[in-house]
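Below: one structure, written as structure tokens.
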There are 2 protein chains.
Amino acid sequence: MNLSTTTLADQAEGKIIGYIKENHLVPGDSLPNEMQFTEMLGISRNVVREAMSRLRMLGLIQSRTKRGIIVTEPPLLNGFKKVLDPNLLSIKTIKEMMGMRIALEIGIAEFLFRNISDKDITELEKIVSRQQAIGINNLSVEDEMIFHTKIYEVAGNDFILQFNKIMHPVFEFSKRNYESYFKPINERLNKEGVIIGHEDLLLYIKNKDKEGYQKAMQKHLKPYWEFLYNYD
Amino acid sequence: MNLSTTTLADQAEGKIIGYIKENHLVPGDSLPNEMQFTEMLGISRNVVREAMSRLRMLGLIQSRTKRGIIVTEPPLLNGFKKVLDPNLLSIKTIKEMMGMRIALEIGIAEFLFRNISDKDITELEKIVSRQQAIGINNLSVEDEMIFHTKIYEVAGNDFILQFNKIMHPVFEFSKRNYESYFKPINERLNKEGVIIGHEDLLLYIKNKDKEGYQKAMQKHLKPYWEFLYNYD
DNA sequence: TTGTTATATTTGTCCTACAAAAAGGATAAA
DNA sequence: TTTATCCTTTTTGTAGGACAAATATAACAA
């Protein structure tokens with residue numbers, strides 16, 4: 001019957017989630033306690049606890065002694081964060097993450113240009129001038145990150161911000177592990193004179209030129225793009 | 001000591017993940033068995049099993065009798081999927097998901113226009129003509145979904161595709177729960193004559209006009225945008 | 001060498017027990 | 001009556017033992 005070995009804990013997990021949905025429980029509401037689920041599901045308390053432990057990890061529930069178990073609003077990316085170890089990812093997945101990054105970076109322009117204030121621009125100028133002192137070829141992945149994180153912050157979507165923060169190790173890993181691939185790209189682009197740096201992006205922002213910014217961002221992320229389509 | 005009640009299972013989970021990272025285990029490698037972790041961590045087998053159960057749920061490991069436990073490449077969005085019950089989300093979070101959607105939809109234009117084939121266009125035409133028969137005001141959320149899913153498929157990023165599929169219930173939920181909000185927007189937009197349908201989007205695709213497409217998509221998603229910034 | 005059987009190991013499940021936390025009630029003091 | 005303190009009881013967190021089922025490995029037979 002069970003092709004994919006589904007354990008009792010798997011089933012219990014599903015049943016408990018089902019219970020929450022069917023009863024329209026919302027954050028703050030309390031769940032039956034472990035023994036009640038043990039009886040309801042006809043399984044041992046151990047198994048119920050395994051299932052609960054999973055939901056607790058995801059942030060779906062919280063439990064405190066005597067107080068029982070309550071439903072909570074889950075931090076959406078809890079599980080994603082734990083799973084995102086670059087060492088465990090296939091090239092395909094890494095590429096897809098890069099694609100996601102490119103898409104988001106271009107897509108949030110809408111929000112960036114809607115929200116940006118003069119104060120934000122001043123802060124971006126500071127970041128950029130600090131990085132110009134370092135020189136575009138010596139920028140670390142962290143330097144890259146600082147600029148783009150600021151962009152995300154201005155765009156004002158915490159979820160995307162958090163998402164990118166979690167994805168960051170993947171990009172760091174890629175640049176480190178595929179340096180022999182990225183370096184020639186950068187050099188070639190440099191020769192062609194089309195390397196677009198943060199200072200260029202900032203210029204478009206200042207000019208309120210959203211489409212120019214999107215085009216420039218596309219070029220700025222060219223190395224990723226090439227990795228995406230030309231590696232392997 | 002423990003401000004945020006961190007249980008032994010939490011710690012064990014962290015230690016096991018740490019073990020995988022420190023030993024540079026990759027998918028296929030095998031982990032110490034339960035008893036070994038029980039001894040290594042000085043805790044009961046029950047607790048080890050709770051931690052393992054969590055990792056198993058995330059897809060980080062698989063275990064089979066006698067064969068022990070092996071590391072696997074995790075499906076990245078396993079946890080995300082389980083947690084994304086619209087009933088549990090705050091308005092803020094729902095809005096952020098919509099923002100993500102808008103950004104992705106505009107950002108993937110890069111990939112869409114790079115990959116699209118004549119065959120894809122024919123398929124899109126079929127979808128669109130079917131929907132024109134229904135009429136733009138009678139389109140269900142599913143109809144909406146069919147078109148956009150096709151776009152994502154052409155863009156060729158499985159991760160984004162999957163991501164959107166998981167987010168879909170949130171949009172469905174929003175439209176259903178905030179119908180009194182969405183409807184007036186649609187009517188107003190209709191009066192202003194600026195409702196952009198799938199047939200318009202398809203036109204830009206046919207003309208290979210990426211920027212036109214992005215602008216049109218921005219307008220197409222206007223109701224979401226207004227919800228994002230004008231609701232509450 | 002190949003096929004079969006037996007053994008040992010390991011996960012999956014169940015059970016019992018107890019410590020620690022804390023809600024709720026009982027009791028005492030104002 | 002109200003407030004403060006103590007006690008009881010419930011519920012989660014942790015430990016440890018037991019056994020079934022699966023299966024890798026070794027031992028044995030053809």
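Here is how names work: the chains are called A, B, and so on, in the same order as the sequence lines, proteins then strands, and each is numbered from 1.
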For this session: Verify, without hydrogens or angle tests, whether Gln131(B) (side chain) and Asp143(B) (backbone) share a donor-acceptor contact under 3.5 angstrom.
Result: yes
Seminar exercise, completed: By ring pair (Phe, Tyr, Trp, His ring centres under 6.0 Å), Tyr19(B) pairs with (sequence neighbours left out) Phe37(B)
For this session: Take atom CD1 of Ile70(A) and atom P of dA22(C), then tell me their distance rounded to the nearest Å.
Result: 13 Å
Problem set entry | Interatomic distance where CZ belongs to Arg49(B) and C1' belongs to dT10(C) [whole Å] | 10 Å
For this session: Mind calculating the distance between CD1 (Ile61(A)) and P (dT11(D)) to the nearest angstrom?
Result: 16 Å
For this session: For the side chain of Leu8(A), starting at C-beta, report the closest nucleotide among dT12(D), dT14(D), dT13(C).
Result: dT13(C)
Exercise. Which residue pairs pass the side-chain hydrogen bond (donor to acceptor under 3.5 Å, both in side chains) test when at least one of the two sits in residues 57-66 of chain B, sequence neighbours left out?
Worked result: Arg56(B)-Ser63(B)
Problem set entry | Pairs touching residues 171-184 of chain B that satisfy salt bridge (charged side-chain N to carboxylate O under 4.0 Å, His left out), sequence neighbours left out | none
Problem set entry | Interface residues of residues 21-44 of chain B with DNA chain D (non-hydrogen, below 4.0 angstrom) | Ile43(B), Ser44(B)
Exercise. So which pairs with a foot in residues 90-120 of chain A pass ring pair (Phe, Tyr, Trp, His ring centres under 6.0 Å), sequence neighbours left out?
Worked result: Phe111(A)-Trp225(B), Phe113(A)-Tyr213(A)
For nucleotides 17-24 of chain D, tabulate all protein N/O to nucleotide N/O atom pairs closer than 3.5 Å, reporting atom names and distance.
residue : atom : partner  : partner atom : Å
dA18(D) : N6   : Arg45(B) : NH1          : 3.4

Problem set entry | Nucleotide dT11(D), atom C1' - distance to CE of Met52(A) in whole Å | 12 Å
For this session: Not counting sequence neighbours, which residues clear side chain to side chain donor-acceptor pair (under 3.5 Å) with Ser44(A)? List them please.
Result: none
For this session: For dG12(C), take OP1 and OP2 only and decide whether either is under 4.0 Å from a side-chain N or O of Ser63(B).
Result: yes
Seminar exercise, completed: The side chain to side chain donor-acceptor pair (under 3.5 Å) partners of Lys92(B) (sequence neighbours excluded) come to Asp158(A), Glu96(B)
Seminar exercise, completed: Residue pairs passing the side-chain hydrogen bond (donor to acceptor under 3.5 Å, both in side chains) test with at least one member in residues 161-171 of chain B, sequence neighbours excluded, are Tyr152(B)-Asn164(B)
